[in-house]
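One structure is given below, encoded as structure tokens.
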2 protein chains.
Amino acid sequence: MLDGGQAVMLPAEQLLQPATASSPLWVRLAAGLEDAIATGSLSPGARLEGEVSMSERLSLSRPTVRRAIQELVEKGLLVRRRGVGTQVVHGSVARQIDLTSLYDDLRRAGRVPSTRVLDVTLAQATPQIAEQLGLTSPVRVLKIRRVRFADAAPIAVLENYLPEAFADITAETLSNQGLYHELRARGVTLRVARQRIGARRATVDEGHLLDIGRGAPVLTMDRRAYDADGAAVEYGHHCYRPDLYGFEMTLVDR
Amino acid sequence: MLDGGQAVMLPAEQLLQPATASSPLWVRLAAGLEDAIATGSLSPGARLEGEVSMSERLSLSRPTVRRAIQELVEKGLLVRRRGVGTQVVHGSVARQIDLTSLYDDLRRAGRVPSTRVLDVTLAQATPQIAEQLGLTSPVRVLKIRRVRFADAAPIAVLENYLPEAFADITAETLSNQGLYHELRARGVTLRVARQRIGARRATVDEGHLLDIGRGAPVLTMDRRAYDADGAAVEYGHHCYRPDLYGFEMTLVDR
DNA sequence: CCCCGGATTATGTTAGGACATTTGAGGCGA
DNA sequence: TCGCCTCAAATGTCCTAACATAATCCGGGG
């Protein structure tokens, strides 16, 4: 076998990130492993040290080591096979779709995001919007319309609806940081989101905002995000310039 | 509190699916819980019985119960909060994107899928295709072109590339079942896939096959699927009619 | 009546052990 | 030399046990 004839054993200091951080042990181990993969200490195809051996060497319990490895398996970085071992997957790594905003996505990709807020208005909700937010019909909602730029090029038109409780969100706040960041700052923790990705022709308005021809194709994403209580917090309707943005994800068979 | 003032306690027989099935305990419990949610025995917002209580009542260990619940949390059906408990999420359930083929997707949605195989040819790989499959340049690959129908309406044009080892796949086989089914039948187990979803204008050819106007928007998906060994098995380039198909997924914050 | 602080309850983390199952490789025999 | 069989190694499943931590509830004191 070319790949991983011998199991790779990395020093404990490299695997376990600094003890100063008071995060769970398995998180620190997972971070250490992910780092080792990212920096090339563990190259694609390499066979990992066995769970039992690793737990003894690091003075951790096997469940803890297992939990860390499981994390990376679900991220698509490692593959485990019973009777064989754990290997680093081939191919270049792609980040998984997270419950994050486009703003964070772009920053991580090393691009410079900026936002132009078109309008922030409190208006009567249409029956459709009210239903998406799980509210009874005659209710007012905050409507936000923004254009997102990456390195000065317009890449998306964002339309978001929130319950009236968030009516004090200002256009200024949204210019500086993403909507999700602002929600988190208010103590709202988003837990689950359902989204649908599709495509259609751009409306005249969208075509103008995105600087593409009228009727040009756009990539769309509708998302409903829920609170920890299960209450709908946000309904978003986004559309992207397909030549500048796409959704990448890693699927893992379980 | 309106929702879940009292924890719901379902009978053991309902939660644990038949013992005849020799699947792992946590799988059977997870299936039982998922069933209870699907049938409405556990309605949205309902509070689940605590882990400890449930494990005692079912004569299972807490880690086993935890594993089952964890599964449904990752599927987006349940939400857990420390100090509070576990609740069924609100909103209608949407299936998560899996490592499955479009063929299986449609069958599960209750639609009748069918396939028209355009051509199956063994040809010299372009440098791009070879690179996607992780092969050195001068190599032949199997190229498959199909049109997928759902209830007699064309919804996708599928273009797949496979290593020469699969050259004996015939057009006839592909008419009866999906490509992934055929691969599994040959002992190939797909473990990881990376995909990118985007949009663009349909080519003249695609517009004709999908019965849409030329230049109409199509939803595209490029996927590379890897074997358990980490070897690239398939590279696919699909395009869908956006008015008939979209990608739905559930995101869970961890 | 309001506010604050403990008791309660629930999930989160970690440990340590035992056995089952799958896989690959090496050795033995025909 | 080829094929079968056994064995070792690795992950998968399952158990018991304890402590940590967050959130809520409730009662007492101001």
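Note that the structure is predicted; figures quoted are calculated from it, not measured. Order of the sequence lines fixes the chain letters, A, B, ..., with proteins taken first and strands second; residue numbering starts at 1 for each chain.
Listed for the A:Arg62 side chain is no donor-acceptor partner under 3.5 Å among the backbone atoms of A:Glu56. Side-chain atoms of B:Arg191 come within 3.5 Å of backbone N or O of A:Arg80 as a donor-acceptor pair.
Using a 4.0 Å cut-off between charged side-chain N and carboxylate O, A:Arg146 and A:Glu159 make no salt bridge.
Between the side chains of A:Tyr180 and A:Glu234, at least one donor N or O lies within less than 3.5 Å of an accepting N or O. Using modelled atom types, one finds a donor on one side chain and an acceptor on the other under 3.5 Å when comparing A:Arg224 with A:Gln132.
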Mark up nucleotides 5-14 of chain C, 5' to 3', with B wherever a protein heavy atom is under 4.0 angstrom from a base atom, S wherever such an atom reaches only the sugar-phosphate, and - elsewhere.
----BBBBBS
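Atom P of nucleotide C:dG16 and atom CG of A:Leu58 are separated by 13 Å, given to the nearest angstrom.
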